[in-house]
Amino acid sequence: MLNFVDSVQEAVSGIQDGSTVMIGGFGNAGQPFELIDALLDCGATDLTVVNNNAGQGDQGLALLIKEGRVRKMICSFPRQSDSWHFDARYKAGQIELELVPQGNLAERIRAAGAGIGGFFTPTGYGTMLAEGKETRIIDGRGQVFETPIHADVALIKALKADGKGNLVYRKTARNFGPIMAAAAKHTIVQVSEIVPVGALDPENVVTPGIYVNSVVRVPADAGSSEKVA
Amino acid sequence: MLNFVDSVQEAVSGIQDGSTVMIGGFGNAGQPFELIDALLDCGATDLTVVNNNAGQGDQGLALLIKEGRVRKMICSFPRQSDSWHFDARYKAGQIELELVPQGNLAERIRAAGAGIGGFFTPTGYGTMLAEGKETRIIDGRGQVFETPIHADVALIKALKADGKGNLVYRKTARNFGPIMAAAAKHTIVQVSEIVPVGALDPENVVTPGIYVNSVVRVPADAGSSEKVA
Amino acid sequence: MGVMESSIKTSEAPLSRDDLARLVARDIAPGSFVNLGIGQPTLVSNYLTEDQDITLHTENGMLGMGPEAKGDEIDEDLINAGKIPVTELPGASYFHHADSFAMMRGGHLDICVLGAFQVSVTGDLANWHTGAPGAIPAVGGAMDLATGAKDVFVMMTLLTREGASKIVESCTYPLTGVGCVTRVYTDKAVFLTGRGGITVRETFGCTLEELQELVPVPLKAAGE
Amino acid sequence: MGVMESSIKTSEAPLSRDDLARLVARDIAPGSFVNLGIGQPTLVSNYLTEDQDITLHTENGMLGMGPEAKGDEIDEDLINAGKIPVTELPGASYFHHADSFAMMRGGHLDICVLGAFQVSVTGDLANWHTGAPGAIPAVGGAMDLATGAKDVFVMMTLLTREGASKIVESCTYPLTGVGCVTRVYTDKAVFLTGRGGITVRETFGCTLEELQELVPVPLKAAGE
């Protein structure tokens with residue numbers, strides 16, 4: 001069911017301890033900063049978080065990790081120049097890391113949304129990231145079996161939602177949004193603008209409303225001064 | 001490499017005997033009628049054809065089958081009220097049929113374009129269409145292993161192409177076009193209109209030009225009077 | 001096997017196809033995303049109300065499908081899975097075949113309504129192939145629909161023309177899906193399938209005991 | 001092991017990073033779709049000419065990426081895989097992460113240019129992880145790029161700061177991909193990998209014999 005809610009606090013209020021939470025974004029593009037802040041405020045803990053990275057600087061996901069609310073990260077690139085909160089927790093053995101090649105991360109998220117039980121891919125074959133995984137040779141190529149990544153909740157950012165929850169994105173801020181929306185049981189979207197039903201061209205809808213559960217409007221410039229460039 | 005060609009004849013001229021040819025369309029929507037007619041005229045034979053159906057009436061794919069040019073059909077729904085040419089060849093044992101549930105057909109075509117070596121799906125589990133196939137129970141659900149469907153050539157129809165081969169489609173005529181374009185080594189597209197580079201909004205491109213090899217303009221009303229309603 | 005009398009709802013006469021479609025339509029929860037199979041299930045769309053705010057999916061690449069197109073509305077690029085020209089409602093969206101089946105197979109559709117040859121007590125569905133020698137098989141999207149939707153409703157007459165029950169202990173026709181059907185709407189009764197076998201929610205023009213005589217599997221009233 | 005003298009091309013001096021980028025750019029066939037990895041490979045974009053009509057892919061969801069954005073062009077929603085603000089060229093397109101990696105993993109990109117720690121004679125690539133105890137591993141899209149593109153070009157200095165060859169018999173660092181590299185561009189030579197081991201296409205500021213002294217695997221001139 002689709003709901004339009006008035007605040008990011010209300011949007012995330014149902015997130016339970018122990019949930020798997022997907023968070024959209026690649027770099028700052030498409031990061032639902034305000035929803036992440038609300039998740040921090042709401043107190044949910046023991047989370048498994050799926051994101052391309054593991055937090056940067058002293059904001060958003062990095063603060064969730066700093067506060068000890070993340071039990072496990074599933075990501076492709078945790079180590080960055082400013083990923084100090086993750087680095088500290090990881091070195092202290094206080095956070096679990098499942099490191100996934102970025103294409104496998106995307107395809108596994110897509111598989112969850114598409115009802116695929118698992119798939120074989122050449123990515124990672126013969127590397128330490130395939131250790132312990134099932135492999136087989138298909139058409140002469142070594143391949144690794146990868147499983148879907150499902151989530152309880154997805155937090156994503158889009159440009160506009162219409163009254164049916166249909167979404168469009170903006171430039172490279174699209175990134176993980178559409179596949180996370182489909183992979184999570186409950187998808188929460190922050191948008192810059194809510195438009196009437198019929199205002200989006202049906203040819204150009206990127207995420208159909210069937211994948212969307214909660215929509216909250218966050219004006220595009222809200223809090224942008226706090227963001228790391 | 002992308003080429004803009006002047007005729008459907010030129011567009012299909014490189015198709016070899018023994019090729020696997022994907023043909024877009026679901027019903028009349030998105031069927032590249034003129035490209036199919038050109039394929040009929042060019043004489044290529046011993047083809048494996050991938051299409052949702054196996055020809056209807058006395059036109060297009062049905063004529064290819066009538067003329068004995070199709071060695072094998074890979075499709076989900078060969079039997080229709082007017083599929084008499086397929087029916088006759090099939091009953092005479094003159095055409096091979098690989099019957100694939102429609103969702104598996106779509107997902108296997110998508111897998112080919114996406115470099116997936118194979119995947120497990122619940123569709124077909126416990127049915128005769130899974131006989132002889134590898135199965136396993138994943139998360140308590142029976143699943144069947146399905147492999148990608150690659151093609152030498154795809155013949156598809158889109159609404160517009162820009163000078164980079166980027167495509168947009170129209171309504172439910174989109175259907176198999178985008179996934180077939182990605183699954184074939186050589187993708188041939190008939191479009192109603194060719195527009196300059198920059199005329200399509202990058203947010204709304206459905207098939208990026210990387211998947212397109214030959215584009216030919218066929219005005220929307222050309223030959224439409226011959227089509228079955 | 002005896003059937004206990006119960007207080008389940010009944011009606012004076014068996015339901016017509018349209019009455020059955022009206023009943024199915026009424027049972028669809030507001031706001032649902034629904035796929036209506038080709039044939040009898042398509043009738044359900046005639047009885048969905050605007051208040052219900054149901055979004056129809058057609059597996060050839062669309063959400064927000066409207067009623068059948070008439071006259072000038074007919075557009076050969078806008079058809080449903082039965083290849084019938086249809087219309088587009090405000091808030092619709094188009095997507096390609098893999099995305100459309102991903103939507104179905106990923107469990108995002110609330111309800112799919114299908115016709116059937118047979119349904120077993122454990123919810124197995126047979127609706128695509130008679131298995132007759134020489135018959136040309138054609139499956140379309142039936143297996144994806146059967147395994148993908150959260151709830152699979154079947155609409156059918158209870159009996160074949162020859163008077164045999166289509167509710168069976170075990171399907172004799174080739175299966176479409178295993179244990180996938182959750183409800184069966186027939187002219188004579190509504191059946192619920194699932195854990196613990198089949199139960200009867202209501203009957204139409206017959207008592208549960210009369211119904212039991214037509215159906216070769218033990219029946220009981222739902223909720224008992 | 002003796003190296004036969006040959007007539008392969010050479011130059012007076014080793015190549016600078018920019019000269020190397022210019023060489024790689026020149027070697028990219030017109031009309032190609034190319035992904036340039038983070039770091040040194042990004043320099044290649046400075047030397048692509050308009051005539052070449054190269055389309056750049058960035059794995060965070062774009063084809064038709066233009067040069068780095070400056071001043072008012074900077075848009076936080078338009079970045080490359082290195083998270084640097086970039087621009088959009090006419091004819092660009094955007095897509096989501098799974099579609100973007102499907103493009104790469106499905107073999108649709110002609111060339112991917114990557115940096116490396118080591119490349120083996122059979123084209124194994126190590127470029128993501130030193131394997132040092134305590135190091136936090138981070139792989140990003142490296143493994144997808146290495147296995148997905150039709151041709152994988154590596155750009156690197158031939159020697160580490162300590163003077164060890166990065167062309168090796170067998171990688172000692174954790175692998176990124178097996179047998180995936182087709183060419184290696186270094187400051188001292190261009191190497192071709194593939195069936196039959198490694199060959200040298202040209203040298204820069206050294207003879208093949210001098211090059212052989214730096215590299216612990218037997219070299220021969222390409223085409224011999």
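All chains are named by letter (A, B, ...) in the order of the sequence lines, taking the proteins before the strands, and each is independently numbered beginning at 1.
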Heavy-atom contacts under 4.5 Å, residues 171-178 of chain B to chain C:
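Interface residues of residues 171-178 of chain B: B/K171, B/T172, B/A173, B/R174, B/N175, B/F176, B/P178.
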
Most heavy-atom pairs under 4.5 angstrom with chain C, which of B/E107, B/R110, B/M128?
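Greatest number of close heavy-atom pairs with chain C: B/M128.
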
Out of B/I109, B/N52, B/L129, B/D87, which one racks up the most heavy-atom pairs below 4.5 Å with chain C?
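Option with the greatest count: B/L129.
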
Pick one of side chain, backbone, both or neither for [X], based on which atoms fall under 4.5 Å of a heavy atom in chain B.
X	value
C/T176	backbone
C/N80	backbone
C/F101	side chain

Below 4.5 Å, heavy-atom pairs only: which of C/T58, C/L175, C/V178, C/N60 has the largest tally toward chain B?
C/N60

Flag the one option from C/L78, C/D99, C/I79, C/D124 with the top tally of heavy-atom pairs under 4.5 Å to chain B.
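Ranked by contacts with chain B, first place is C/I79.
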
Quick one, B/F26 and C/K83 - any side-chain contact, counting heavy atoms below 4.5 Å?
yes

So do the side chains of C/H97 and B/Q102 get within less than 4.5 Å of each other, counting heavy atoms only?
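Yes, at least one pair of side-chain atoms sits under 4.5 Å.
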
From CG (C/D75) to CZ (B/R170), nearest 0.5 Å
4.0 Å

I need the minimum non-hydrogen distance between [X] and [Y], along with the two atoms involved.
X	Y	result
B/A29	C/D77	CB-CA, 4.1 Å
C/M143	B/G124	SD-CA, 3.7 Å
B/P78	C/I136	CG-CG2, 4.1 Å
C/P137	B/Y90	CD-OH, 3.9 Å
C/G134	B/K91	O-CE, 3.8 Å

So which part of [X] gets closer than 4.5 Å to some heavy atom of chain C, the side chain, the backbone, both or neither?
X	answer
B/V206	neither
B/Y169	neither
B/R141	side chain
B/L97	side chain

Test side chain to side chain contact (heavy atoms under 4.5 Å, CB included) on C/R105 and B/N104; report intermediate values, then the result.
CA-CA 10 Å; C/R105 292 150 60 106; B/N104 283 353; 2.8 Å; yes

Any chance CG of B/D139 has more than 12 other-residue heavy atoms, nucleotides or ligands included, within less than 6.0 Å?
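Open: at most 12 neighbouring heavy atoms sit under 6.0 Å from CG of B/D139.
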
